[in-house]
Number of protein chains: 2
Amino acid sequence: MNIGAAAKQAELPTKTIRYYEEIGLIRPAARGANGYRDYSNEDLHILRFVQRARGLGFGVRDCRELLSLYRDRNRASADVKALAEQRIAAVERKIEELQSLRETLCHLVERCTGDDRPECPILSDLAAESQ
Amino acid sequence: MNIGAAAKQAELPTKTIRYYEEIGLIRPAARGANGYRDYSNEDLHILRFVQRARGLGFGVRDCRELLSLYRDRNRASADVKALAEQRIAAVERKIEELQSLRETLCHLVERCTGDDRPECPILSDLAAESQ
DNA sequence: CTTGACCTTCCGGCGACTGGAAGCCTCATA
DNA sequence: TATGAGGCTTCCAGTCGCCGGAAGGTCAAG
């Protein structure tokens, strides 16, 4: 299976697949007589695996870990769970950060009349001497 | 005032200040006889302004807009408000995305026993044929 | 006069791709 | 058999918002 077809199956751009190969996230694909990459069903599993892991917000480094656990028949599921829990914690931190940002922005927006006059508490606050 | 002192006042790394100058976000600082950048109080306001806008999640492009509004005495506060509201919308979209991510991850984690056995629904789901 | 903390510029790298150029390969159609 | 479209290959550059480091000039204190 050529890279284009594999890309469709895995819902990944061909560019991204080649990139993953380049950085060693996935193993180099087999090559046909014409030099084209040739993907097996096993390869497709791996590609989909990575696509989904990335979709869940795991970084490429995490994906390496996950893939090596995936391939390790002697893995402990606890290790996988730990990675996922770290991910959850990071997501939760990010959510809180964004919620606090949202709060601040909303307060600023509420105080701005939003008309054709130049006075604007948003700009004033940004430019203020302190805080 | 040298760049180091300005950096402390504005709570920005010196590298970042030079970078902002390089990309034309802020105007080139005046130079002393020794070639050192020299920052005025007005410059400090601008630096703090940018620091806070970035802290609120505005991109550099938005900061350009905000700075040009800040300098424009004929601005309409509506324009500033619109920028802030766009930012809020973007933040809210991101929050929802992350919350949905969190949900998915939590479901996966709940189903994983997290012991020393290799069976793991997280890995199974990532590798699954579809969905 | 030396030391160490500044300052200057320039270059390269980060993460995770994405776009584009230049050049093969393949396949369907005229 | 020629042609054209599309797919494949590699490599280089750019994205965003910086950060680290090297090589060298400047300055204030001891």
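A, B, ... follow the sequence lines: proteins, then strands. Residue 1 opens every chain.
- For B/Arg18, no side-chain nitrogen or oxygen approaches OP1 or OP2 of D/dC18 to under 4.0 Å.
- If you check every strand for non-hydrogen atoms under 4.0 Å, B/Ile23 touches nothing.
- Proximity of B/Tyr20 to the phosphate of D/dG17: no side-chain N or O atom is located under 4.0 Å from OP1 or OP2.
- Two residues are said to be in side-chain contact when any heavy atoms from C-beta on lie closer than 4.5 Å; B/Thr113 and B/Glu119 fail this criterion.
- Remark: P of D/dG25 and CG of B/Asn2 are 18 Å apart, rounded to the nearest angstrom.
- Between A/Tyr39 atom OH and D/dG7 atom P the separation is 16 Å, expressed in whole Å.
- Within 4.0 Å of B/Arg37, counting heavy atoms only, lie sugar-phosphate atoms of the nucleic acid but no base atom.
- Picking from D/dC19, D/dT26, C/dC7 the nucleotide with the shortest atom distance to the side chain of B/Asn34 gives D/dT26.
- Closest to the B/Val60 side chain, of the nucleotides C/dC17, D/dG17, C/dT8, is D/dG17.
- In terms of phosphate contacts, B/Arg31 brings a side-chain nitrogen or oxygen within less than 4.0 Å of OP1 or OP2 of C/dT9.
- Protein atom CD1 of B/Ile26 is 14 Å distant from nucleotide atom C1' of D/dC18, rounded to whole Å.
- Within a 6.0 Å sphere centred on CZ of A/Arg61, heavy atoms belonging to other residues, nucleotides or ligands number 12 at most.
- Positionally, the nearest nucleotide of DNA chain C for B/Ala5 lies more toward the 5' end than for the other of B/Ala5 and A/Arg54.
- Atom CD1 of A/Ile3 is separated from atom C1' of D/dT9 by 10 Å (rounded to the nearest Å).
- Taking side-chain N and O atoms only, B/Thr16 has a distance below 4.0 Å to OP1 or OP2 of D/dC19.
- Of the residues listed (A/Arg37, A/Arg27, A/Lys15), the one engaging A/Glu21 in a salt bridge (Lys or Arg N to Asp or Glu O under 4.0 Å) is A/Arg37, and it is the only one.
- The distance from atom CD1 of B/Ile17 to atom C1' of C/dT8 is 15 Å, rounded to the nearest whole Å.
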Take A/Cys120 and B/Lys81 through the side chain to side chain contact (heavy atoms under 4.5 Å, CB included) test and state the conclusion after the steps. CA-CA 8 Å; A/Cys120 176; B/Lys81 192 168 185 170; over 6 Å; no
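- Looking at the side chain of B/Lys15, the nearest of the listed nucleotides C/dC7, D/dG21, C/dG20 is D/dG21.
- Of the candidates C/dT9, C/dA16, D/dT9, C/dA16 carries the atom nearest the A/Tyr19 side chain, counting heavy atoms from C-beta on.
- In this entry the distance linking CD of A/Gln51 with C1' of C/dA16 reads 14 Å, nearest Å.
- Put simply, CG on A/Leu25 is 11 Å from C1' on C/dA16, counting in whole angstrom units.
- Among the nucleotides D/dC16, C/dG20, C/dC7, the one closest to any side-chain atom of B/Tyr36 is C/dC7.
- The interatomic distance linking B/Glu22 (CD) with C/dT8 (P) rounds to 13 Å, in whole Å.
- No side-chain heavy atom of B/Arg75 sits less than 4.5 Å from a side-chain heavy atom of A/Arg117.
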